[in-house]
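All remarks here apply to the structure that follows.
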Amino acid sequence: MSQIDQKPSEVSIATNATVLTIAGSDPSGGAGLQADLKTFQQLGCYGMSVVTLLTIQNTQGVDRVEVMSADLIEQQIDAVLSDIPPRVIKVGALGDAETVRCVARKLRGVGTPLVVDPVLVSKHGHRLASEDCVQAYRDELLPMTTVFTPNRFEAAALLDCKLESLQDTAEAAAKLQSLGARFVALKAGDFDGDRHHMIASIEDDVTGIATESIESKHTHGAGCVLSAVIAGKLALTIRDEVSADLFDRAFRFAMTEVHHAIRFAPQLGQGVGPVETRVVNSDGQSII
Ligand code: PLP
């Protein structure tokens with residue numbers, strides 16, 4: 001396991017770095033499409049969003065989830081793709097199997113790299129997706145995914161197994177890749193007390209990276225921000241396709257960024273507060 005010590009480098013602004021998120025709404029602004037759009041903006045990308053579901057939530061919990069009808073989601077996707085083609089598409093919370101199938105059907109053949117965050121359970125332990133979703137992700141979306149970013153619990157659900165050690169988690173990343181995702185960035189979490197682990201599966205290589213764990217309850221949106229930084233960074237740098245090197249750089253940059261985002265969380269709300277969505281350096285200063 002190598003330690004992460006790099007600082008985010010300078011951020012280039014590219015007006016044609018268009019990126020679309022297909023995700024749920026968090027009215028408190030910490031997660032979901034709101035976190036994605038803030039992150040895209042901060043990276044210098046042009047962000048767009050298709051709403052898949054509405055949540056009623058704040059930092060204290062999720063009270064309700066309402067999934068949009070398939071035709072509303074399809075029309076939103078058509079409206080964006082026919083007018084401003086995104087360089088990269090991020091897929092966040094989809095809510096139910098019908099929506100997973102609908103989004104997979106709409107994006108199949110589009111040819112745009114997909115960063116898929118399989119949002120199944122919120123940080124509060126509230127389910128954000130129905131049971132049948134797991135199968136639909138596995139069968140429909142995973143095979144067309146460029147970068148897949150599950151957390152440990154989502155990976156276990158998708159593979160129908162228990163992940164009890166770092167070794168199990170590394171094997172899970174490779175298995176998810178064999179199910180069709182080109183690259184996997186698995187949020188393994190804290191295994192040995194003071195280290196926070198991520199596993200990257202790139203071609204035949206599984207790499208573990210650890211950062212120092214941060215004692216903070218303000219982690220709402222951390223998963224969303226990680227996949228949004230990967231999507232945004234790819235949109236800024238991609239030429240023809242996502243190479244292993246491009247993914248590796250985007251993943252390491254995102255991991256550093258999320259580490260800073262938790263460390264410099266703005267301390268908002270009375271529950272699990274949001275992470276910082278400005279792109280900040282290791283001193284907490286905005287680097288834009
Ligand atoms: N997307 C939506 C709409 C959410 O409400 C949540 C969590 O509440 C998430 C994604 C996942 O959030 P996190 O990044 O904290 O895992």
Side-chain angles (χ1 to χ4, degrees), residues 20-40 42 47 49-68 72-73 76 89-96 99-100 103 115-130 133-134 137 141 147-158 185-190 196-198 213-214 216-232 251 254-255 257-263 265-277:
L20 166 68
T21 183
I22 300 177
S25 162
D26 167 5
S28 64
L33 70 91
Q34 289 83 355
D36 292 345
L37 288 175
K38 291 177 199 178
T39 304
F40 299 155
Q42 280 293 314
S49 60
V50 161
V51 189
T52 55
L53 57 87
L54 298 182
T55 65
I56 308 293
Q57 70 174 305
N58 57 26
T59 65
Q60 294 170 292
V62 182
D63 286 340
R64 189 167 161 194
V65 179
E66 286 291 326
V67 182
M68 301 282 114
L72 268 180
I73 295 170
Q76 292 178 80
I89 299 174
K90 174 188 155 168
V91 179
L94 297 175
D96 59 26
T99 306
V100 177
V103 168
V115 176
V116 177
D117 189 13
V119 180
L120 299 172
V121 186
S122 86
K123 288 268 182 335
H124 309 282
H126 191 286
R127 281 199 78 91
L128 288 166
S130 57
C133 231
V134 170
Y137 267 108
L141 216 40
V147 178
F148 196 56
T149 65
N151 63 32
R152 191 196 330 171
F153 307 105
E154 289 156 350
L158 287 156
L186 203 161
K187 298 165 266 185
D190 296 344
H196 188 89
H197 298 271
M198 289 280 310
S213 273
I214 301 165
S216 170
K217 67 171 185 169
H218 298 304
T219 55
H220 183 51
C224 299
V225 171
L226 183 101
S227 46
V229 173
I230 294 176
F251 162 72
M255 193 170 165
E257 258 323 300
V258 172
H259 185 77
H260 296 161
I262 295 172
R263 201 159 134 218
Q267 314 291 319
L268 294 171
Q270 295 161 57
V272 178
V275 299
E276 177 62 75
T277 42

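Residue numbers count from 1 along this sequence. Indexing begins at 1, ligand by ligand and atom by atom, following the structure's order. These values consider heavy atoms only, across backbone and side chains, with no hydrogens, waters or symmetry-generated copies.
- Distances from ligand 1 to the non-hydrogen atoms of Ala23 include no value under 4.0 Å.
- Considering backbone and side-chain atoms alike, Gly24 places every N or O at 3.5 Å or more from each N or O of ligand 1.
- No more than 12 heavy atoms of other residues, nucleotides or ligands shown are found within 6.0 angstrom of CD on Gln270.
- The only option from Val258, Val275, Ile214 that meets the side chain to side chain contact (heavy atoms under 4.5 Å, CB included) definition with Arg263 turns out to be Ile214.
- When non-hydrogen atoms are compared, ligand 1 lies under 4.0 Å from the side chain of Ala31 (C-beta onward) but not from its backbone.
- Of all atoms in ligand 1, listed by their number and element, those nearer than 4.0 Å to a heavy atom of Gln57 are 4 (C), 5 (O), 8 (O).
- Closest heavy-atom approach to atom 14 (O) of ligand 1 among the candidates Ser25, Ala93, Cys224, Gly61: Cys224.
- In summary, of the residues considered (Thr39, Thr52, Asp36), a side chain to side chain donor-acceptor pair (under 3.5 Å) with Thr21 occurs for Asp36 alone.
- The list of salt bridge (Lys or Arg N to Asp or Glu O under 4.0 Å) pairs with a residue in residues 53-67, not counting sequence neighbours, reads Arg64-Glu66.
- Ligand 1 has no nitrogen or oxygen under 3.5 angstrom from a nitrogen or oxygen of Val119.
- To the nearest 0.5 Å, atoms CZ (Phe251) and OG1 (Thr149) are separated by 10.5 Å.
- Annotation: Thr55 places no N or O atom under 3.5 Å from an N or O atom of ligand 1; distance criterion only.
- Side-chain contact between Val134 and Glu154 is absent, with no heavy-atom pair separated by less than 4.5 Å.
- Under the rule for a salt bridge (charged side-chain N to carboxylate O under 4.0 Å, His left out), Asp26 has no partner lying at least two apart in sequence or in another chain.
- Residue-to-ligand polar distances keep Leu53 apart from ligand 1: every N/O pair is separated by 3.5 Å or more.
- Between Gly32, Ser28, Gly30, it is Gly32 that holds the heavy atom closest to atom 1 (N) of ligand 1.
- Ligand 1 lies less than 4.0 angstrom from a heavy atom belonging to Gly221.
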